[in-house]
Amino acid sequence: MAGHPWEMTLRQFLAKAKAEYGLDVRVLQVGVYGLVLHDESSVMSIPAIEEDDVLRPEVLEHICYRFGLPAQDFGLDPDPED
């Protein structure tokens with residue numbers, strides 16, 4: 001069964017963000033409670049996952065919003081209310 005377009009791991013997201021947008025987001029481990037993602041101008045935390053775990057759609061959407069990336073480029077509906 002093929003996965004949904006948004007099903008990507010944190011590692012895949014980071015690689016795509018860098019390759020397609022030049023966004024160098026780094027991961028800082030913050031214990032078992034979460035990770036901190038940061039680039040040169042923004043910092044955010046997400047639930048604790050491994051880099052090879054698939055991101056939940058709401059987490060992926062939040063990351064895209066925080067770093068100014070178009071959600072539809074990561075397989076998410078840009079306007080889920082429609």
Sorted by first residue and then second, give each salt bridge (Lys or Arg N to Asp or Glu O under 4.0 Å) pair with at least one member in residues 33-42; sequence neighbours left out. none

Rounded to the nearest 0.5 Å, the CD atom of Glu51 sits from the CG atom of Leu14 at a distance of 6.0 Å

Drop me the distance from Leu37's CG to His62's NE2, to the nearest 0.5 angstrom. 9.5 Å

Which atoms form the tightest heavy-atom contact between Ala17 and Leu69, and what is the distance? CB-CD1, 4.1 Å

Can you tell me how far apart OG (Ser41) and CG (Leu23) are? Round to the nearest 0.5 Å. 8.0 Å

Would a 4.5 Å heavy-atom cut-off, applied to side chains only, mark Ile49 and Leu35 as touching? yes

To the nearest 0.5 Å, what is the distance between CD (Gln12) and CD (Glu7)? 10.0 Å

Determine whether more than 12 heavy atoms belonging to other residues, nucleotides or ligands lie under 6.0 Å from atom CD of Glu50. no

Between the CD1 atom in Ile63 and the CD1 atom in Ile46, the distance rounded to the nearest 0.5 Å is 4.5 Å

Can you name the nearest heavy-atom pair linking Arg11 to Asp52, along with the distance? NE-OD1, 2.7 Å

Residue pairs meeting ring pair (Phe, Tyr, Trp, His ring centres under 6.0 Å), one or both in residues 7-29, sequence neighbours left out, come to Phe13-Phe74

Residue set satisfying side-chain hydrogen bond (donor to acceptor under 3.5 Å, both in side chains) with Ser45, at least two apart, ordered chain then number -> none

Of all heavy-atom pairs between Lys16 and Asp73, which one has the smallest distance, and what is that distance? NZ-O, 2.7 Å

Compare every heavy atom of Val43 with every heavy atom of His38, then report the nearest pair and how far apart it is. CB-CG2, 3.8 Å

